[in-house]
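Single-structure report; data block below.
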Amino acid sequence: MMIIRLMMELRPRMVANAFRHPVGVIQLHGSVGDTGSMSKCRQMSFRFVSKNFAVDVGLLRKGQCGSRQCKLQVIRASSSQTSTTDPILSTSKAESALILIRHGESLWNEKNLFTGCVDVPLTKRGVDEAIEAGKRISNIPIDMIFTSSLIRAQMTAMLAMTQHRRKKVPIITHNESRQAKTWSQIYSGDTKKQSIPVVTAWQLNERMYGELQGLNKLETAERYGKEQVHEWRRSYDIPPPSGESLEMCSQRAVAYFKEHIEPKLQSGKNVLVAAHGNSLRSIIMYLERLTSQEVISLELSTGVPLLYIHKEEKFMRRGSPVGPTEPGVYAYTKSLALYRQELDKKSH
């Protein structure tokens with residue numbers, strides 16, 4: 001393995017015609033021949049990132065490298081001057097925060113109905129729970145938000161962010177079509193800096209309860225028997241009629257988390273996920289390596305945020321709000337404590 005460190009001068013034609021001087025350091029990672037000669041280098045690639053932009057460089061194939069120089073092919077260059085990463089204080093590159101929130105009480109929670117994937121909004125109590133959740137996480141950095149495609153989860157995320165001390169605006173991204181993406185584009189760099197992208201995904205939806213959706217839970221128990229309904233609700237691999245089991249819900253939710261959310265955490269982004277009881281139980285099962293027996297007994301209250309720290313490819317649970325005030329609720333890491341101190345300085 002060989003690591004090459006060099007300064008790179010980016011000419012105007014490469015990135016936005018703006019830079020004519022050295023702007024950063026590149027580390028190339030790749031394997032070379034046994035002799036260590038660059039003339040025998042094999043496949044290599046890297047991503048160059050500076051404060052203001054990013055450059056993806058294509059693979060260097062065998063025979064393209066000389067002993068004194070390397071021929072690189074820039075395949076994509078993009079400005080990141082409008083990055084939404086919090087400028088006050090980024091947590092350590094090896095550490096990022098993950099916040100999980102089950103949506104506040106919905107109108108069908110209140111009526112004791114099976115909700116599943118029916119798109120039902122929050123009650124007044126649910127709104128209050130979402131706002132209270134926001135107060136609990138108001139000192140934790142958030143760079144991206146993921147929610148399900150259901151309104152109760154989206155309302156929870158949006159209402160929670162009204163309480164955050166950075167006062168950034170959560171904005172739902174629309175990439176479902178070229179026209180939707182174009183029409184929702186933000187053309188002000190300053191405005192984009194004060195925004196937080198919100199990604200919605202059906203894979204984070206609640207477990208689909210099939211033929212139980214819309215039925216009263218007590219009446220359903222009387223109709224099918226308490227044991228049968230309990231089995232549908234609390235078993236891991238037994239689905240209700242025409243519905244999903246927790247195992248089936250877990251397959252889609254965890255696959256989405258691993259493909260779309262975990263890479264953001266690995267890159268240093270701080271992420272909020274607002275979703276549902278069963279999709280979040282599935283993700284927690286993955287984070288904490290729970291067994292199928294352990295996860296079926298896991299209960300998540302509405303509007304209660306859980307904090308995890310991603311560090312060194314591991315997830316560490318740092319607590320949930322069980323006290324009357326935010327201070328002391330979470331076991332803050334050093335980076336989160338410093339972030340809060342910076343927020344305090346900004347507010348004075």
Side-chain angles (χ1 to χ4, degrees), residues 84-85 91 93-103 116-117 133 137 140-158 160-161 170 172-173 175-176 196-208 236-237 239 243-320 330 333:
T84 56
T85 302
T91 55
K93 290 183 179 180
E95 174 184 312
S96 53
L98 169 65
I99 304 166
L100 306 179
I101 303 180
R102 183 188 175 193
H103 63 81
C117 288
I137 61 173
I140 301 174
I142 298 174
D143 301 313
M144 287 197 70
I145 299 172
F146 289 85
T147 79
S148 74
S149 65
L150 302 175
I151 190 65
R152 56 190 185 273
Q154 295 175 21
M155 289 179 68
T156 299
M158 297 298 193
M161 290 309 299
I172 295 177
T173 59
N175 296 323
E176 57 268 26
I196 297 179
V198 181
V199 179
T200 63
W202 70 267
Q203 292 91 333
L204 299 176
N205 282 7
E206 179 58 288
R207 172 184 170 192
M208 202 275 281
Y236 181 68
D237 56 1
E244 285 184 308
S245 64
L246 177 56
E247 182 181 32
M248 295 162 70
C249 176
S250 178
Q251 289 173 351
R252 59 172 165 85
V254 173
Y256 183 87
F257 181 89
K258 292 167 71 173
E259 182 178 355
H260 298 280
I261 300 176
E262 194 166 10
K264 299 298 183 183
L265 295 164
Q266 292 170 341
S267 70
K269 296 283 188 182
N270 302 290
V271 177
L272 165 65
V273 178
H276 307 265
N278 284 295
S279 55
L280 289 177
R281 287 165 72 199
S282 300
I283 291 172
I284 292 171
M285 181 182 183
Y286 168 70
L287 299 180
E288 301 189 16
R289 301 181 181 180
L290 303 180
T291 66
S292 58
Q293 289 301 309
E294 289 172 328
V295 74
I296 61 176
S297 62
L298 178 63
E299 295 288 345
L300 300 178
S301 300
T302 54
V304 177
L306 302 175
L307 172 64
Y308 290 82
I309 297 298
H310 178 269
K311 187 174 184 179
E312 298 177 352
E313 302 302 317
K314 296 179 181 179
F315 289 94
M316 298 171 286
R317 187 167 177 171
R318 306 294 290 189
S320 60
Y330 295 118
T333 63

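- Between the Thr173 side chain and the Val198 main chain, a donor and an acceptor come within less than 3.5 Å of each other.
- Taking all atoms of both residues into account, the shortest heavy-atom contact from Ala274 to Ala157 is CB-CB, 3.8 Å.
- Sparse packing is recorded around CD of Gln293, with 12 or fewer heavy atoms of other residues, nucleotides or ligands lying under 6.0 Å away.
- Residues Glu262 and Phe315 form a side-chain contact, since some pair of their non-hydrogen atoms from C-beta on lies under 4.5 Å apart.
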- Carefully, step by step, assess Leu280 and Leu306 under the rule side-chain contact (heavy atoms from CB on, under 4.5 Å). CA-CA 10 Å; Leu280 289 177; Leu306 302 175; over 6 Å; no
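- Under a 3.5 Å cut-off, the side chain of Glu95 and the backbone N or O of His310 do not form any donor-acceptor pair.
- Taking the side chain as every heavy atom from C-beta outward, Met155 and His103 never approach each other to under 4.5 Å.
- When all heavy atoms of Ser245 and Pro239 are compared, the pair lying nearest together is N-CB, 3.5 Å.
- Of all non-hydrogen atoms in Ile196 and Asp143, the two that sit nearest each other are CG2-O, 3.6 Å.
- In this structure, the side chain of Asn270 engages the main chain of Ala97 through a donor-acceptor pair within 3.5 Å.
- Distance OG/Ser250 to CG/Asp237: 12.0 Å, rounded to 0.5 Å.
- Arg318 places no side-chain N or O within donor-acceptor distance of the main-chain N or O of Ile309, the cut-off being under 3.5 Å.
- A heavy-atom distance below 4.5 Å is not found between the side chains of Val199 and His260.
- Nearest heavy-atom pair across Ala253 and Leu204 is O-CD2, 4.4 Å.
- With rounding to the nearest 0.5 Å, the separation of CG in Leu265 from OH in Tyr308 is 12.5 Å.
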- Item | Candidate pair Ile172 and Met158, rule side-chain contact (heavy atoms from CB on, under 4.5 Å), full reasoning | CA-CA 10 Å; Ile172 295 177; Met158 297 298 193; 3.4 Å; yes
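- The backbone N or O of Ser149 sits less than 3.5 Å from a side-chain atom of Asn205, completing a donor-acceptor pair.
- Of the inter-residue distances, the one linking Ile140 atom CD1 with Ile99 atom CD1 reads 4.5 Å to the nearest 0.5 angstrom.
- Residues Trp202 and Cys117 fail the side-chain proximity criterion, which asks for heavy atoms closer than 4.5 Å.
- Distance check: Ile137 CD1 to Leu272 CG gives 5.0 Å after rounding to the nearest 0.5 Å.
- Distance check, rounded to the nearest 0.5 Å: CG of Leu246 to CD of Gln251 gives 10.0 Å.
- Looking only at side-chain heavy atoms (C-beta outward), Ile296 and Arg281 come within less than 4.5 Å of each other.
- Of the possible polar contacts, one joining the Glu244 side chain to the Met208 backbone as a donor-acceptor pair under 3.5 Å is found.
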- Message: Please determine whether side-chain contact (heavy atoms from CB on, under 4.5 Å) holds for the pair Phe257 and Ser282, giving the CA-CA distance in whole Å, both sets of side-chain angles, and the decisive distance to 0.1 Å.
- Response: CA-CA 10 Å; Phe257 181 89; Ser282 300; over 6 Å; no
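- Shortest non-hydrogen contact noted between Gly303 and Pro305 is O-CD, 3.5 Å.
- Taken to the nearest 0.5 Å, the NE2 atom of His276 stands 2.5 Å off from the OG atom of Ser148.
- Electrostatic pairing of Glu206 and Arg152 does not count as a salt bridge here, judged by no charged N lying under 4.0 Å from a carboxylate O.
- Using a 4.5 Å heavy-atom threshold, the side chains of Val273 and Leu98 count as touching.
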